[in-house]
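For reference, the structure discussed in these notes is given below.
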Amino acid sequence: MLVYFWGFLYSNYVRFWLKWILRLLTRKCELQRVFDGSKAGAQRTLSIEHSLASSKNKVLRNAVHVEEAEVEKCVRDVMKEKKIEQKDTGFKTNLHISLLQISGYKKLYLNVENLRKVPYDSDNEEHEEQLIELWNLLMPNENLKARITKQWCDIGFQGDDPKTDFRGMGLLGLVNLVYFSKHYTNEARQILSRSNHPKLGYSYAIVGINLTEMAYSLLRNGALKSHLYNMVSGSPQMDHFHQFYCYLVYEFDKFWFEEEPESIMHFNQYREKFHEKIKGLLLHCDVILTLQNTKKP
């Protein structure tokens, strides 16, 4: 109750007067102070996002919802509202980058969500081509005997037709699996081989789709902001989401074998433990979680 009361007082009264006093002392608005006192990346953009969203000024509040195409105009409008000279190129550039990151994160989520909503369609030639590509990338020395076959279990699907396993994550699950197998082919084949361990084995494709859900949920609830704001000096793209997924697959396999679960029946327990570990890492303002960084000596 006290925490709620203090939060109400701070957001409605204390914050306004604190900003007013600091502006008198520094002759700079809160946005200028953030740019001066924080390094580029998540630390800066998260502070800018909070400052804009908490502002009583409508122009500033609306800035966090601006579309990418309107960022440049929005920067000019904010500078006008805060009486910052347009020739201040440092402020203009920094605000432009932060707004691109903020708007880009929202756009990335919409793109990921749209792909997730696309159901796998066995009558769609492109969908089928991607599925066959996944097989060829993971099993280059073995041909599929048929489209519907128990061979799919060899790469971790549940039955003889993988389309039923994509119901939760739609086409996003397949695209993630193909991306990892295409860009990190050696690692994908090694992890597939390890997933067939007689005691610690797991269903490679099913776990991969499960990790797609994890990456998607972290993006949806905003937990990936620090990672993406540090990784991209501008608008994050779908490729950056796929790269984070690759990190999850690689790290989960390591985690699974380090933990040595008694059986696959305990998967949900260890999956949640891994999830908590990742969420903890994402709380650090300087975090960047990519497979390239992980594999550096």
Where L224 and A215 come nearest, the two heavy atoms and their spacing: CD1-O, 4.1 Å
Closest contact, heavy atoms only, V64 versus E49: CG1-O, 3.8 Å
Please work out which of the three classes, parallel, tilted or perpendicular, describes the rings of W152 and F157, given edges at 30° and 60°. perpendicular
Rounded to the nearest 0.5 Å, how far does CG of L95 lie from CE of M79? 8.0 Å
Mind running salt bridge (Lys or Arg N to Asp or Glu O under 4.0 Å) on E113 and R116 for me, showing each step along the way? CA-CA 5 Å; E113 174 68 355; R116 187 191 70 84; 3.0 Å; yes
Heavy atoms of L219 and Y109 approach each other most closely as CD2-CA, 3.7 Å
Rounded to the nearest 0.5 Å, how far does CG of N143 lie from CD of Q151? 8.5 Å
Distance-minimising heavy-atom pair for R44 and K39: CB-O, 3.2 Å
For salt bridge (Lys or Arg N to Asp or Glu O under 4.0 Å), just list the numbers for E81 and R76, CA-CA rounded to whole Å, side-chain angles, deciding distance to a tenth of an Å, and then say yes or no. CA-CA 9 Å; E81 287 292 320; R76 292 196 300 269; over 6 Å; no
Kindly assign one of parallel, tilted or perpendicular to the pair Y202 and W256, based on the angle between their ring planes and the thresholds 30° and 60°. perpendicular
Take E30 and K82, measure what salt bridge (Lys or Arg N to Asp or Glu O under 4.0 Å) needs, and give me the verdict at the end. CA-CA 10 Å; E30 185 175 46; K82 303 306 294 181; over 6 Å; no
Provide the closest heavy-atom pair for C153 versus G159 in the form atom of the first, atom of the second, distance. SG-O, 3.7 Å
Exercise: identify the closest heavy-atom pair between L100 and S103: O-OG, 3.3 Å
Should the ring pair H242 and Y179 be called parallel, tilted or perpendicular, given that the plane angle runs from 0 to 90° and is split at 30 and 60? tilted
From Y216 atom OH to M169 atom CE, the distance as rounded to the nearest 0.5 Å: 6.5 Å
Using a 6.0 Å cut-off, check whether atom CD of E272 has over 12 heavy atoms from anything other than its own residue. yes
Greater than 12 external heavy atoms within 6.0 Å of E67's CD: no
Just say parallel, tilted or perpendicular for the rings of Y247 and F244, cut-offs at 30° and 60°. parallel
Please say which of L211, I191, T185 ends up in a side chain to side chain contact (heavy atoms under 4.5 Å, CB included) with F180. I191
Answer whether the closest heavy-atom distance between the side chains of L108 and Q237 falls below 4.5 Å. no
Check whether S51 reaches the backbone of I48 with its side chain - one donor and one acceptor, N or O, closer than 3.5 Å. no
Any link between L110 and L228 through a network of hydrophobic side chains (Ile, Leu, Val, Met, Phe, Trp, Tyr) touching at under 4.5 Å? yes
So, taking the atom named NZ in K106 and the one named CG in N111, what distance separates them when rounded to the nearest 0.5 Å? 14.0 Å
Co-membership, hydrophobic cluster, residues V249 and M231, 4.5 Å side-chain: no
Are I148 and L134 joined in one hydrophobic group, where the rule is that I, L, V, M, F, W and Y side chains link up if heavy atoms are under 4.5 Å apart? no
Identify whether the distance between the nearest side-chain nitrogen and carboxylate oxygen of D77 and K73 falls below 4.0 Å. yes
